[in-house]
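Take a look at the structure set out below.
Fair warning: this is a prediction, and the values are worked out from it, not measured in the lab.
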Amino acid sequence: MWSLASLAAARRRDRAAATRYPAGTMAGTLGAIVAGVVAWAAFAFWLHQLWLGVRPFG
């Protein structure tokens, strides 16, 4: 609920100030996907064992 209220407040603030943000790019989207996959793989195959003591994939 807090995040939804914060989002609504930010949108109202931006509308009142007539703030416009540039559209996202394909390069930015692909970069976010690659970073997410790398972060997931690092946690799943290495950090999970280190931090939690359990290897999820044997």
Side-chain angles (χ1 to χ4, degrees):
M1 292 304 291
W2 186 262
S3 63
L4 291 175
S6 179
L7 175 66
R11 289 181 58 99
R12 281 192 303 272
R13 180 199 62 219
D14 288 347
R15 281 194 205 113
T19 303
R20 301 283 303 176
Y21 296 100
T25 63
M26 183 60 72
T29 299
L30 292 176
I33 291 171
V34 168
V37 169
V38 167
W40 172 83
F43 183 74
F45 293 109
W46 182 61
L47 294 173
H48 199 279
Q49 168 68 32
L50 184 66
W51 291 345
L52 304 175
V54 177
R55 294 183 67 182
F57 298 110

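Rounded to the nearest 0.5 angstrom, Leu50 CG and Phe43 CZ are separated by 10.0 Å. Here the CZ atom belonging to Arg12 is positioned 9.5 Å from the CG atom belonging to Leu7, to the nearest 0.5 angstrom.
Between Ala44 and Pro56, the shortest heavy-atom distance links the atoms O-CG, 3.3 Å.
When the side chains of ILVMFWY residues are joined at heavy-atom separations under 4.5 Å, either directly or via intervening members, Leu47 and Leu52 end up in a single hydrophobic cluster. One hydrophobic cluster, built from ILVMFWY side chains closer than 4.5 Å, holds both Trp51 and Trp46.
With Thr29 contributing its side chain and Thr25 its backbone, the two residues share a donor-acceptor pair below 3.5 Å.
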